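Since this is a predicted model, take the numbers as computed values, not measurements. Order of the sequence lines sets the chain letters (A, B, ...), proteins ahead of strands, with each chain counted from 1. Quick note: numbers below take in every heavy atom, side chains included, and nothing from hydrogens, waters or symmetry partners.
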Number of protein chains: 2
Amino acid sequence: MTDTKNQSQSYHHGNLTRVLIDTALEIISEQGTKDLSLRKIAKRAGVSHAAPYRHFKDKNAILGAVARQGFDMMLRQTEKRIAKSKGNELDHFAISGLSYINFAVNYPAHYRVMFGTRAENSYFSDELKPESIPVFKLLRDIIMVCQEKGLLKTGDPQEMALAAWSIVHGFAMLRIDHHLPDQGMDEKKLRELQRSVVLTLYSGLRPE
Amino acid sequence: MTDTKNQSQSYHHGNLTRVLIDTALEIISEQGTKDLSLRKIAKRAGVSHAAPYRHFKDKNAILGAVARQGFDMMLRQTEKRIAKSKGNELDHFAISGLSYINFAVNYPAHYRVMFGTRAENSYFSDELKPESIPVFKLLRDIIMVCQEKGLLKTGDPQEMALAAWSIVHGFAMLRIDHHLPDQGMDEKKLRELQRSVVLTLYSGLRPE
DNA sequence: AAAATAATGTTGACAGTGTAAACATTATTT
DNA sequence: AAATAATGTTTACACTGTCAACATTATTTT
C-alpha cells in the first residue's frame, strides 16, 4: 500500500482515467467537439493511441464521463449561487435559470457534450436521463416551494420545470452556437439581454 | 438549347447538385448527422467518391445547402399555417411558435443541420445569419403588429422575438434530442405539453 | 463542321480516424 | 517465486475528407 492520501501515482501511467477526461476537455475547449479524436487525447496524455481502451469502452464512453462531470459542476455552481443570495425563493428560481445559462456560456464545450443528440451519441446512459439529474430535481424542488408560498402559479411542477428549462436551454444554445443576432452586442449587452429574456418569460409562470 | 422546361437532364449525370442535397437529407434522416459521409452520399447517388467536389467546395458546403433548404421549408410551412388560421394577430404569434416546433419535430435531421454550432461548422455563411433569415423577420413582424394593436407589451421587438425564439428553440431541441423526461408520454401528451409550455411562457409577453 | 475549351466524372493517393487483436510490461495476488 | 491481472504498445483494418492526375462529355469558338 503506497501513498494512500494521493492515488495519482498508480500503475504504469498514473491514473490515466482521470487524465484522459481532463485532456479530452482541454481539447474540446480549444478545438471544439468536432475535432476531438481519441488519438489526439492519447498523444497529449503521453500514451499510445490504443491505451485509452483499457479505461474506456470507446470514444463515447469518454464523452459520457465528460458529461457526468459537467452536470456535477453545474449543480455545485448553482447551489453556491443560491446559497450566496439573500433573496426569497422566487429569486432562487430566477438565479437557477441564470446560473444555468452562465454555466453554458462559461463552458460551452462541456455543455454541448451534456446536451448532444441522444440518438446519435451512445454515451447517454440512463444515468444521464433528465429525470435522474440532480440539477433538474433542484429546479423542480424550487418551483414546488414557490408554489407552496404562492409565488408561482399552480400546476404540474414537472411541466413548469420543463417550461423554465426550455427557455434557458434555448437561449443558452442560441448563445453558445452563435445564432443570436449580433449587431453591436458586447458582453455586457448580452448579459442584460439574457437577464431580460429569462425574467420576462418567467413572469409567465407567476400567479394570475 | 435542349429541354428548357425541365433541366433535370444536364451534363453527365443529371443535375447532381440537387441529387446530392436530397441524398444527403435521406441519409441524415435515416442514420443521423453523425454518420453522414461524403462517400456514402456519392455512392447512393451513383457517382464516384470525388464527384461531389465538382458541385460543392467540401462536405460543409453540402450541409449549408441542406440548411438553406430547411429554412425555406420552415418559412413556407409557417406562412401556410398562419394563412389558414382565422384568429387575430396574437393567434398568429402563437401559431408561428408552435409551427416552428412542429417543423423541428417533423424534420429533426434538417433542424439540427440548421442550428448546428456555428464555430464548428464552417457551412454557416452570412446568408444563414439569423438576422437575414426570413422566418425570423416574420416572427419579428408579427410581434410588431401585435404591439401596435396592444396585444403584446411594449419593448424592443427584436428582443421579444429573441425571447419567443428561445423558448421554441429550447423546447424543440430538448424534444428532438430526447432530453425530455419521458415517463409515459405518448405523442398526444407531448403535443399538449408543447402547447402548454409555449402558451404559458408567451403569456409573459402580454401587456401588464 | 472542326478544334479548343470548359464542365463534369473517375481513379488513385494521402493523412487521419475508431477500434480490435496480438503482444509486452508491470503491479498484485497467491 | 510463480501465477495472474492490470495496463500499455504495436500492428492492422476499414473508413473518412480531400487533393491531384487523368478521362470523358458538353459547350463555345473558330
Side-chain angles (χ1 to χ4, degrees), chain A residues 1-4 6-24 27-28 30-66 113 116-117 120-124, chain B residues 1-4 6-24 27-28 30-66 113 116-117 120-124:
Chain A
M1 215 179 295
T2 66
D3 206 1
T4 44
N6 171 357
Q7 48 172 312
S8 69
Q9 288 288 86
S10 80
Y11 289 110
H12 308 63
H13 178 276
N15 74 352
L16 235 195
T17 310
R18 175 91 259 134
V19 173
L20 288 173
I21 297 176
D22 293 343
T23 309
I27 297 181
I28 292 178
E30 291 170 15
Q31 317 176 18
T33 319
K34 209 145 206 173
D35 283 3
L36 179 73
S37 87
L38 255 183
R39 291 169 110 107
K40 272 188 204 163
I41 299 176
K43 176 174 270 184
R44 194 183 286 208
V47 292
S48 75
H49 69 263
Y53 283 85
R54 303 293 146 171
H55 301 265
F56 296 96
K57 184 183 159 290
D58 54 17
K59 187 184 176 186
N60 274 329
I62 298 190
L63 292 178
V66 169
V113 176
T117 306
E120 290 183 358
N121 302 87
S122 58
Y123 61 83
F124 282 108
Chain B
M1 214 179 296
T2 67
D3 207 0
T4 44
N6 172 357
Q7 48 172 312
S8 69
Q9 287 288 87
S10 80
Y11 289 110
H12 309 61
H13 178 276
N15 75 351
L16 236 196
T17 310
R18 175 91 261 133
V19 172
L20 288 174
I21 297 176
D22 292 343
T23 309
I27 297 181
I28 292 178
E30 292 169 14
Q31 316 176 18
T33 318
K34 209 145 205 174
D35 283 4
L36 178 72
S37 86
L38 254 183
R39 292 169 109 107
K40 272 188 204 162
I41 299 175
K43 175 174 270 183
R44 193 182 287 207
V47 291
S48 75
H49 68 263
Y53 282 86
R54 304 292 147 171
H55 301 264
F56 296 96
K57 184 182 158 290
D58 56 16
K59 187 184 175 187
N60 274 329
I62 297 189
L63 292 177
V66 170
V113 176
T117 306
E120 290 183 359
N121 300 88
S122 57
Y123 62 83
F124 283 107

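In this structure, OH of B:Tyr123 is placed 15 Å from P of D:dG17, rounded to the nearest angstrom. D:dC15 atom P lies 17 Å from atom CD1 of B:Ile41, rounded to whole Å. Spacing between atom CG of A:Asp35 and atom C1' of C:dT17 amounts to 12 Å, rounded to whole angstrom units. The interatomic distance linking A:Leu38 (CG) with C:dA20 (C1') rounds to 13 Å, in whole Å. Per the geometry, CG belonging to B:Asp58 stands 14 Å off C1' belonging to D:dT16, to the nearest Å. Atom C1' of nucleotide C:dT19 and atom NZ of A:Lys40 are separated by 18 Å, given to the nearest angstrom. Distance A:Lys59 NZ to C:dG16 C1': 12 Å, rounded to the nearest Å.
Considering only heavy atoms from C-beta on, B:Ile62 stays 4.5 Å or farther from B:Tyr123 through its side chain. With contacts defined as side-chain heavy-atom distances shorter than 4.5 Å, the pair B:Leu63/B:Ile28 qualifies.
Within the model, atoms CG of B:Leu38 and CD1 of B:Ile27 stand 9.5 Å from one another, a figure rounded to the nearest 0.5 Å.
Side-chain atoms of A:Arg39 and base atoms of C:dG16 include no donor and acceptor less than 3.5 Å apart.
A heavy-atom distance below 4.0 Å to DNA chain D is reached by these residues of residues 42-56 of chain A, ordered by number: A:Val47, A:Ser48, A:His49, A:Ala50, A:Ala51, A:Arg54, A:His55.
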For a quick test of your reading: what N or O donor-acceptor pairs under 3.5 Å do the side chains of residues 17-24 of chain A make, sequence neighbours left out?
residue, atom, partner, partner atom, Å
A:Thr17, OG1, A:His55, ND1, 2.9
A:Arg18, NH2, A:Gln69, OE1, 2.9
A:Thr23, OG1, A:Val19, O, 2.6

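Contacts classified as salt bridge (Lys or Arg N to Asp or Glu O under 4.0 Å) and involving residues 45-54 of chain A (residues at least two apart or in different chains) are not found. Under the side-chain hydrogen bond (donor to acceptor under 3.5 Å, both in side chains) criterion, the residue pairs touching residues 36-50 of chain B are B:Glu26-B:Arg44, B:Glu30-B:Arg44, B:Gln31-B:Lys40, with sequence neighbours excluded.
Using a 4.0 Å heavy-atom distance criterion, B:Lys57 is classed as making no nucleic acid contact.
By the side-chain hydrogen bond (donor to acceptor under 3.5 Å, both in side chains) test, B:Asn60 is found to be paired with B:Ser122, residues two or more places apart in sequence or in another chain being considered.
For DNA chain C, each stem of at least three Watson-Crick or G-U pairs (distances under 3.5 Å) is given as range with range: C:1-30 with D:1-30.
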